[in-house]
S.K.: 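Right, I'll just put the structure down here and ask away after.
Indexing begins at 1, ligand by ligand and atom by atom, following the structure's order. Note that the structure is a prediction, hence the values are computed from the model and not measured.
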Amino acid sequence: MNQRKVIIAPSILSADFGRLADEIAEVERAGCDWIHVDVMDGRFVPNLTIGPPVIRKIRKVSGLPFDVHLMIEDPIRYVEAFRDAGADYITVHVEASDGVGKTLEKIHAVGAKAGITLRPKTPVSTLEPFLQKVDLVLVMTVEPGFGGQAFMPDMLDKIEWVRTRFSGLISVDGGINLATGGLAVSKGADVLVIGSAIFKESDRKSFLLRLRKSLPSLSR
Ligand code: DX5
Ligand code: ZN
């Protein structure tokens with residue numbers, strides 16, 4: 001049995017967009033594993049962020065896997081564009097279209113890893129038909145749309161539900177910090193998405209060391 005290394009994925013939604021390349025370089029130097037990119041269209045969620053042109057530019061400054069979380073309607077329309085821009089993982093919402101299965105197939109067809117996610121109010125059983133088709137399940141622990149919200153502890157049961165049925169990666173997104181990261185990992189999470197908790201710190205390296213120390217060491 002392998003010792004699990006928890007993957008830390010800073011969400012650049014909470015970075016200084018005016019210094020995006022430097023912010024990414026800093027968290028990469030500090031020892032983070034992935035870069036989480038939140039894409040919002042102002043329709044699926046009431047906020048707008050960035051799209052493929054920005055991802056293409058920041059792709060040049062980082063060697064880390066890009067974990068792209070699409071909070072957009074009918075994401076199949078843009079799968080190719082995000083892959084071309086440099087996305088390694090492309091995660092779509094189960095609520096975002098009627099063609100989730102086709103969207104996941106398209107993500108694989110363009111050579112990316114596929115992820116599925118859901119809003120806090122959506123029952124976790126809606127993921128069941130897609131578990132065989134994805135590499136990653138992202139459990140949202142805040143309402144999608146904004147960084148800096150409080151972790152919803154009720155969502156921990158969803159992690160457990162997925163863990164008993166799915167052997168791929170489970171990621172947790174929303175309100176993760178030194179107090180909540182360990183709770184998610186103890187339920188079976190492999191990836192912690194962290195926005196405001198890391199970007200508000202001036203010393204990202206020391207934050208990361210403290211975060212890793214706060215996590216239980218598990219193996220599976
Ligand atoms: C919310 C996003 C998250 C968010 C996380 O819609 O999907 O990735 O930026 O930020 P924190 O860690 O501040 O909750
Ligand atoms: Zn996200």
S.K.: Please say whether the positively charged group of R204, taken as NZ for Lys or CZ for Arg, lies over the ring of F199, i.e. under 6.0 angstrom from the six-membered ring centre and within 45 degrees of the axis.
M.R.: no
S.K.: Give the atoms of ligand 1, by number and element, whose distance to some non-hydrogen atom of P144 is under 4.0 Å.
M.R.: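 The list of qualifying atoms is 6 (O).
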S.K.: Can you check which of G195, G175, S11 brings a heavy atom nearest to atom 9 (O) of ligand 1?
M.R.: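 That would be S11.
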S.K.: For L192 versus L215, what's the shortest heavy-atom pair and its separation?
M.R.: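 The pair with the smallest heavy-atom distance is CD1-CD2, 3.8 Å.
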S.K.: With respect to T122, which candidate in E95, H93, K158 satisfies the side chain to side chain donor-acceptor pair (under 3.5 Å) definition?
M.R.: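 Result for side chain to side chain donor-acceptor pair (under 3.5 Å) with T122: E95.
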S.K.: What N, O or S atom of D38 is found closest to the Zn ion (ligand 2)?
M.R.: OD1
S.K.: Quick one: report the N, O or S atom of H69 that is nearest to the Zn ion (ligand 2).
M.R.: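 Within H69, restricted to N, O or S, the Zn ion (ligand 2) is closest to atom ND1.
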S.K.: For ligand 1, which atoms sit closer than 4.0 Å to a heavy atom of G174?
M.R.: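 So the atoms of ligand 1 that pass are 14 (O).
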S.K.: What do the steps show when you test K133 against E105 for side-chain contact (heavy atoms from CB on, under 4.5 Å), and what is the final call?
M.R.: CA-CA 8 Å; K133 298 186 173 194; E105 281 162 24; 3.6 Å; yes
S.K.: Say whether D38 and H36, considering side chains only, have a donor N or O and an acceptor N or O under 3.5 Å apart.
M.R.: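 Yes - a donor-acceptor pair under 3.5 Å links their side chains.
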S.K.: Any nitrogen or oxygen of I194 lying under 3.5 Å from a nitrogen or oxygen in ligand 1? Just yes or no.
M.R.: no
S.K.: Is the closest N or O pair between D38 and ligand 1 shorter than 3.5 Å?
M.R.: yes
S.K.: Restricting to N/O/S, name the atom of D173 that gets closest to the Zn ion (ligand 2).
M.R.: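 D173's closest N, O or S atom to the Zn ion (ligand 2) is named OD2.
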S.K.: Between ligand 1 and H69, is the shortest N or O to N or O distance under 3.5 Å?
M.R.: yes
S.K.: Taking 4.0 angstrom as the limit and counting only heavy atoms of F146, give me the atoms of ligand 1 inside it, by number and element.
M.R.: 1 (C), 6 (O)
S.K.: Less than 4.5 Å apart, any side-chain heavy atom of V110 and any of V79?
M.R.: yes
S.K.: For ligand 1, is there an atom lying under 4.0 Å from some heavy atom of A197?
M.R.: no
S.K.: Would you verify whether the NZ or CZ of R119 falls within 45 degrees of the ring axis of F44 while also being under 6.0 Å from that six-membered ring's centre?
M.R.: yes
